[in-house]
Amino acid sequence: MSTGNAGSPNDEAGILGRVAATIESRKGADPSTSYVAKLFSKGDDAILKKIGEEATETVMAAKDARVSGDGAKVLYEVADLWFHSLVLLAQFDLSPQQVLDELARREGISGIAEKAARQDS
Ligand SMILES: N=c1c2ncn([C@@H]3O[C@H](COP(=O)(O)OP(=O)(O)OP(=O)(O)O)[C@@H](O)[C@H]3O)c2ncn1[C@@H]1O[C@H](COP(=O)(O)O)[C@@H](O)[C@H]1O
């Protein structure tokens, strides 16, 4: 785990912010030289398809890891999922910082208590 490393060049906000900035810079770039530009050129459905694929591959890697005891593939697949989620956020002009802010807003609020307090629960 990398908690407690705020200020490191690889702290969570740092690396997410840098990759998000690179992704943003690919809007309108040449799809023949950039994977992200290629995804943007294909539009919503192609990006959403990748999210679905990477989520499924994450599930499969976790099931395999329970058998093999090797979690390395889980890390690899979650990185793919997070990366494609960053592309999705950029497609909707949203930023990883906004997701971090939402997590910070929820910090300390029990999921059980939050669900019980919902009007429609
Ligand atoms: N972090 C990533 C990253 N993670 C995964 N991928 C690519 O995501 C693609 C999909 O992975 P898959 O395992 O599903 O491979 P695949 O089945 O061949 O994929 P498809 O061709 O079917 O989409 C692969 O081409 C990976 O190389 C990434 N591509 C780019 N980045 C970051 O985005 C930046 C910009 O990339 P470009 O736009 O390509 O310059 C890079 O500098 C990196 O920081």
Side-chain angles (χ1 to χ4, degrees):
M1 285 295 290
S2 59
T3 49
N5 67 344
S8 146
N10 287 322
D11 70 299
E12 291 87 342
I15 185 65
L16 289 176
R18 291 199 301 278
V19 175
T22 301
I23 288 169
E24 193 63 33
S25 77
R26 297 301 196 257
K27 288 182 176 175
D30 182 356
S32 70
T33 59
S34 159
Y35 173 76
V36 175
K38 194 165 112 184
L39 267 184
F40 281 141
S41 73
K42 289 180 176 173
D44 285 1
D45 285 355
I47 296 168
L48 295 173
K49 184 165 174 274
K50 289 307 295 182
I51 297 278
E53 285 174 13
E54 303 303 350
T56 301
E57 285 169 18
T58 299
V59 170
M60 286 161 37
K63 297 293 278 184
D64 287 349
R66 272 285 167 247
V67 177
S68 69
D70 177 10
K73 190 82 196 305
V74 176
L75 287 178
Y76 184 90
E77 296 301 344
V78 170
D80 275 355
L81 180 59
W82 284 23
F83 163 68
H84 285 91
S85 296
L86 291 175
V87 175
L88 177 65
L89 288 172
Q91 175 77 346
F92 285 84
D93 294 322
L94 299 168
S95 72
Q97 186 58 54
Q98 288 172 282
V99 178
L100 296 176
D101 289 347
E102 175 60 16
L103 287 172
R105 186 190 67 76
R106 296 179 191 183
E107 194 173 17
I109 302 171
S110 159
I112 302 286
E114 184 276 332
K115 190 166 182 182
R118 281 186 210 162
Q119 299 273 346
D120 57 359
S121 64

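Start at 1 and go down the list; that is how both ligands and their atoms are numbered. Quick note: numbers below take in every heavy atom, side chains included, and nothing from hydrogens, waters or symmetry partners. For clarity, every value in this text was computed on a predicted model and none was experimentally measured.
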In chain order, what residues pass the salt bridge (Lys or Arg N to Asp or Glu O under 4.0 Å) check against Glu53, with sequence neighbours excluded? Lys49, Lys50
Same apolar cluster: Val59 and Leu81, side chain cutoff 4.5 Å: no
Are there any N/O pairs under 3.5 Å between ligand 1 and the protein, and if so, what are their distances?
unit_1, atom_1, unit_2, atom_2, d
ligand 1, 14 (O), Lys50, NZ, 2.7
ligand 1, 14 (O), Glu54, OE2, 3.2
ligand 1, 19 (O), Lys50, NZ, 3.3
ligand 1, 23 (O), Lys50, NZ, 3.1
ligand 1, 38 (O), Arg26, NE, 3.2
ligand 1, 38 (O), Ser34, OG, 2.5
ligand 1, 38 (O), Tyr35, N, 3.4
ligand 1, 38 (O), Val36, N, 3.0
ligand 1, 39 (O), Tyr35, N, 2.8
ligand 1, 40 (O), Arg26, NE, 3.2
ligand 1, 40 (O), Arg26, NH2, 2.9

Name all residues meeting the salt bridge (Lys or Arg N to Asp or Glu O under 4.0 Å) criterion together with Asp70; count only those two or more places apart in sequence or in a different chain, and write none if there are none. none
All pairs passing salt bridge (Lys or Arg N to Asp or Glu O under 4.0 Å) where residues 100-110 contributes a residue, at least two apart: Glu102-Arg105, Glu102-Arg106
Connected via hydrophobic side-chain network under 4.5 Å: Leu100 and Val87: yes
If you define the side chain from C-beta out and look only at heavy atoms, does anything of Ile51 sit under 4.5 Å from Ser85? yes
